[in-house]
Asks: 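Have a look at the structure that comes next, please.
Keep in mind that this is a model prediction, so the values were computed, not measured. Ligands are counted one by one from 1 in listed order, and the atoms in each one are counted from 1 as well.
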Amino acid sequence: MVTEYGNYVGGEWTDSVSGETFEVRNPAESSEIVSRFQDSTVSDAESAIDTAVAAQNDWATVPGPERGSVLNQASQALEDRKAEATETLVREEGKAWSEAAGEVQRAIDIFAYYAQKAFDLGGVVKSSSGRDKELSTRQEPLGTVTLITPWNYPIAIPAWKLAPALAAGNTVVAKPASVAPNSTRILFECLDEAGLPDGVANYVTGSGSVLGDPLTTHEDIDGVSFTGSTSVGTSVAQAAAEGLKRVQCEMGGKNPTIVMPSADIEEAVEAVGIGAFGTTGQSCTAASRAIVHEQVYDEFIEAIAEYAESLDVGPGLDDPDVGPHVSKGELESTLDYIDVGKSEGATLEAGGEQLTGETYDNGYYVRPTVFSDVDNDMRIAQEEIFGPVLSVIRAGDFEEALALANDTDYGLSASIITQDLTEANEFLDRIEAGVAKVNEKTTGLELHVPFGGYKQSSTNTYREQGDAGLDFFTATKTVYRN
Ligand code: NAD
């Protein structure tokens with residue numbers, strides 16, 4: 001039996017007026033339909049928006065500590081369902097079990113973190129013009145916001161938008177990606193169980209090209225927070241800006257790791273390897289380019305190829321090193337890029353093929369792939385591949401390595417592996433990326449510090465996570481009292 005799920009609007013699970021549903025399949029075993037969701041229409045999106053708008057004033061007047069208490073209870077509700085949420089995530093997105101469990105834990109922690117933030121929004125400052133005057137700021141809710149999210153972290157990313165939005169007193173309409181909407185749904189069940197008032201958080205599933213327009217242009221929407229590809233994000237930013245809506249788009253990456261001669265090669269291989277092949281390379285912060293100093297280039301290539309070949313690839317439920325791609329389309333895109341790399345003249349050092357055989361035939365598996373002799377102008381060095389494919393580029397010295405690292409349209413995450421503090425500091429000063437790391441992999445984020453990109457990785461106006469994560473969802477009112 002395949003379970004069919006509704007939209008969550010006004011505190012009720014409802015069917016789309018279309019009467020249509022779409023199916024979600026297990027990427028490790030594509031014959032398995034794991035669930036069905038509502039194929040919603042523009043009118044479904046508009047009803048959800050109307051519902052959220054109607055609930056906004058009341059939610060805004062709920063005291064911060066009460067809003068925080070709801071988020072705390074939702075965090076606890078998710079904690080109680082951690083194993084179920086992890087399995088749901090593995091079955092729809094394909095992530096290895098331990099990565100999925102880590103992602104669910106992140107969502108639990110994010111709700112608890114912003115629960116606390118809800119207690120102390122706003123502040124009082126002393127006036128410079130007399131003791132009979134008072135100045136204060138209020139961080140008021142922005143209003144009603146839409147949250148549009150991708151499939152690759154289908155519980156953590158919706159959580160890191162929902163929690164600050166709700167903590168700050170906004171009402172929301174969320175639309176998850178259609179290949180993985182089920183993990184996001186669990187967040188709404190947890191909020192419902194936690195006693196969130198009806199209509200405050202709403203969830204609508206369906207095609208982005210159908211729902212995108214009302215969700216980004218509706219006159220009653222005050223802000224749009226989007227995470228996804230740079231191509232879709234650019235159109236979302238343009239549509240929202242047209243209506244003078246606040247908009248935040250977090251988008252793709254082509255993240256470099258520079259490896260310098262002073263690096264411990266084993267440490268460098270681990271940082272690059274986990275960054276490139278963890279989550280099947282399906283992370284916006286994936287280490288897709290290694291820029292390696294010529295003194296250690298050959299040694300690095302040999303070691304990273306050996307590392308890639310040693311990885312265990314398989315169904316997420318078996319907790320392998322590398323799981324399947326999320327969908328046939330993503331698998332085909334990665335295989336196409338492997339062909340592009342070969343035709344551009346890069347040297348294939350490891351992987352480079354779809355995996356076949358009993359475990360693999362019904363899933364979307366590619367062996368972790370390493371290309372050497374990559375020129376930074378090649379498409380495999382410039383375009384986001386979103387699969388387990390690493391391009392290794394040779395650099396003559398630090399200056400060249402840094403120039404190559406910055407020679408990309410993207411600017412999300414970047415790292416350097418070095419024992420030289422001056423080099424590390426020079427890198428931190430000059431790298432064009434929103435996240436810069438020394439002796440670390442490009443992937444992996446802490447929830448209490450800001451996250452976002454430079455250049456075409458982000459609209460670069462607001463950051464997500466940490467204290468900064470609240471900024472997008474609040475409007476500051478400055479109050480003078482005489
Ligand atoms: P996508 O852009 O295809 O879809 C993202 C969301 O936008 C989905 O919910 C989709 O249904 C919706 N959408 C599609 N067309 C739309 C339209 N015309 N208007 C409004 N919404 C529309 O991205 P994806 O394939 O789901 O996710 C992968 C991408 O996300 C990668 O590029 C990755 O780098 C990026 N990503 C970025 C971050 C970050 O924080 N920077 C984090 C995770 C993923």
Asks: Tell me whether Glu242 at atom CD has more than 12 heavy atoms from other residues, nucleotides or ligands lying less than 6.0 Å away.
Replies: no
Asks: Classify the side-chain pair Tyr410/Glu384 by whether it contains a donor and acceptor separated by less than 3.5 Å.
Replies: no
Asks: Just checking, is any N or O donor in the side chain of Asn406 or Arg430 under 3.5 Å from an acceptor N or O on the other one?
Replies: no
Asks: Under a 4.0 Å heavy-atom cut-off, what residues line ligand 1?
Replies: Ile148, Thr149, Pro150, Trp151, Asn152, Ile157, Lys175, Pro176, Ala177, Gly208, Ser209, Gly212, Phe226, Thr227, Gly228, Ser229, Val232, Val236, Glu250, Met251, Gly252, Cys284, Glu384, Phe386, Leu412, Phe451
Asks: Might you point out which heavy atoms bring Gly469 and Tyr114 nearest each other, and give the distance in Å?
Replies: CA-OH, 3.7 Å
Asks: Is the backbone of Val313 close enough, under 3.5 Å, to the side chain of Tyr360 for a donor and an acceptor to pair up by distance?
Replies: yes
Asks: Have a look at Ser16 and tell me which of Asn7, Thr21, Asp44, Thr41 forms a side chain to side chain donor-acceptor pair (under 3.5 Å) with it.
Replies: Asp44
